[in-house]
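Below is one structure; the comments refer to it alone.
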Amino acid sequence: MRTPRLALSIPVSEVLFKPLFRLSLNARLSPSIQRKLLDASAFAIPALPDQVIRQITLAGRPTERITVGPTHHGRAILYLHGGAYTVGSARSHRGLTTTLARAAEAEVYVLDYRLAPEHPCPAAVNDAVAAFRDLMSRGYAPESIAIAGDSAGGGLSVATARVLIDEHEITPAALGLISPWVDPAVRQSDDDTGNGATDIVVNGAWSSQAADMYLGDGDPDDPRYAPGRGDLAGLPPTLVQIGRPEILFDQVTEFAGKLRAAGVESTLSDLGRLWHVGHVAAPLMPAANAAVEELGDFLSAHLRTSEAVFT
């Protein structure tokens, strides 16, 4: 395992990052201001040596193509960032996605899908499905493309895979889900953590507001909105990661049980005290780096190589 040049412990990182998340993920602020604050925070995370970030488009949406070291592997990860479907971007998640590209030895494509409230469900799902198919048009076979995402992006990963399988007869190579928000219709309490600790990232007021924005006039039982309520059979091999101090702990562990019951080859990884998507601080935190490396190793083991042509 590669050790970050700086080595913040989890307790120290909580002290440093909690004020940032309390400021930026605040229901009293407009989504546009939240987005700017979250993107600005990314400048605190150092770049990795040999990382290459290219700005491209997939299915008409802005996308970052990320590699570390070799710039072509013929293996792709479509990464769907978190942010409760209302905030987040390729920029805000670079600490995670660059570390993932290195760990998986793959090209990571970070899609800036459309966000609510401007674009409620199913806009994000439609963008992600179209981006996956665009990667196929560039020469990647389905077994050479995994889908990964965190929080809302984890739920979006499941919804995207379901549409690809059901409507296009395409099965991704694997799913990598970090604390997936698979049922936004369930209102989370700030006390819903796995060990009684406080979630330093997500709060109930903010997540509930975002869930309403993403739903719009839709149906809360729509599996594109709440994939945890839909059919899970036939999904590809799936890794689910969750930390104890997360308000999504119960929802995620229940979802992992549903995957097993549906016959999906799946693994639930307990990240202990790591806070919600602490992976974004992987270049600074050994615990976060280890979590991303676990994710990268899992996805790499399920990816085959294609003669993809990058354009």
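Every heavy atom of this structure was used, including side-chain atoms; hydrogens, water molecules and symmetry mates were not.
- Under the 3.5 Å distance criterion, with hydrogens and angles disregarded, a donor-acceptor pair is assigned to the side chains of S269 and E294.
- Looking at residues two or more places apart in sequence or on another chain, you find no ring pair (Phe, Tyr, Trp, His ring centres under 6.0 Å) involving H276.
- To the nearest 0.5 Å, atoms CG (L284) and OG (S13) are separated by 9.0 Å.
- Side-chain contact check for V129 versus H168: some heavy-atom pair is nearer than 4.5 Å.
- Classified by interplanar angle (parallel below 30°, tilted 30° to 60°, perpendicular above 60°), the ring pair F21/F17 is parallel.
- Remark: side-chain polar atoms of E143 are not paired, donor with acceptor, to backbone N or O of L303 under 3.5 angstrom.
- Between the side chain of Q55 and the backbone N or O of P62, no donor-acceptor pair lies under 3.5 Å.
- Proximity of a side-chain donor or acceptor of R75 to a complementary backbone N or O of H72 within less than 3.5 Å is not detected.
- Q251 places a side-chain N or O within donor-acceptor distance of the main-chain N or O of V182, the cut-off being under 3.5 Å.
- Under the 4.0 Å criterion applied to side-chain N and carboxylate O atoms, E64 and R94 are assigned as salt-bridge partners.
- V292 and V52 sit in two unconnected hydrophobic clusters of ILVMFWY residues. Membership requires side-chain heavy atoms under 4.5 Å apart, directly or through other members.
- The CZ atom of F132 sits 11.0 Å away from the OG atom of S157 when rounded to the nearest 0.5 Å.
- The main-chain N or O of R91 is found under 3.5 Å from a side-chain atom of S89 such that the two form a donor-acceptor pair.
- Contacts classified as salt bridge (charged side-chain N to carboxylate O under 4.0 Å, His left out) and involving residues 20-47 (residues at least two apart or in different chains) are given here: R35-E118.
- The residue from L268, T267, D270 that alone fulfils the side-chain contact (heavy atoms from CB on, under 4.5 Å) condition with V240 is L268.
- Between the side chain of E107 and the backbone N or O of G74, at least one donor-acceptor pair lies under 3.5 Å.
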Inset, instruction - Please assess T98 against H93 for the test side-chain contact (heavy atoms from CB on, under 4.5 Å), listing each intermediate value before the final yes or no. - result: CA-CA 9 Å; T98 54; H93 282 64; over 6 Å; no

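- Considering V108, V110, L135 as possible partners of L78, the one that fulfils the side-chain contact (heavy atoms from CB on, under 4.5 Å) test is L135.
- Enclosure of atom CD in Q209 by more than 12 non-hydrogen atoms of other residues, nucleotides or ligands within 6.0 angstrom is indicated.
- Note that the CD1 atom of I145 and the CZ atom of R138 stand 11.0 Å from one another [nearest 0.5 Å].
- For the pair D150 (side chain) and G153 (backbone), a donor-acceptor distance under 3.5 Å is absent.
- Between D212 and R187 there is a salt bridge, since at least one side-chain N of the basic residue sits less than 4.0 Å from a carboxylate O of the acidic one.
- Looking at I178 and L96, their side chains come closer than 4.5 Å, going by heavy atoms from C-beta outward.
- Taking 4.5 Å as the limit, some side-chain heavy atom of P283 sits within range of a side-chain heavy atom of I45.
- In this structure a side-chain-to-backbone donor-acceptor pair under 3.5 Å is present from N203 to L25.
- Classification of the Y85-Y214 ring pair by plane angle, with boundaries at 30° and 60°, yields parallel.
- Y109 has its side chain out of reach of I77: every pair of non-hydrogen atoms, C-beta onward, lies at least 4.5 Å apart.
- No donor-acceptor pair under 3.5 Å is formed between the side chain of N26 and the backbone N or O of W206.
- Under the ring pair (Phe, Tyr, Trp, His ring centres under 6.0 Å) criterion, H119 pairs with no residue at all, not counting sequence neighbours.
- Put simply, the side chain of S144 never gets that close to the backbone of Y140: no donor and acceptor are under 3.5 Å apart.
- Legend: residues meeting ring pair (Phe, Tyr, Trp, His ring centres under 6.0 Å) with Y79, ordered by chain and number and at least two apart, are absent.
- Legend: residues meeting side-chain contact (heavy atoms from CB on, under 4.5 Å) with S41, ordered by chain and number and at least two apart, are L20, L38.
- No hydrogens or angles considered: a donor-acceptor pair under 3.5 Å links the side chains of E246 and S179.
- No hydrogens or angles considered: nothing links the side chains of D297 and S300 as a donor-acceptor pair under 3.5 Å.
- A distance of 13.0 Å separates CZ in R61 from CD1 in I56, rounded to the nearest 0.5 Å.
- For Y113, the ring pair (Phe, Tyr, Trp, His ring centres under 6.0 Å) partners two or more places apart in sequence, or in a different chain, are H81.
- Ion pairing between D127 and R114 holds under the 4.0 Å rule for side-chain N and carboxylate O.
- Screening L175, I147, I165, L111 against T160 for a side-chain contact (heavy atoms from CB on, under 4.5 Å) leaves a single residue, I147.
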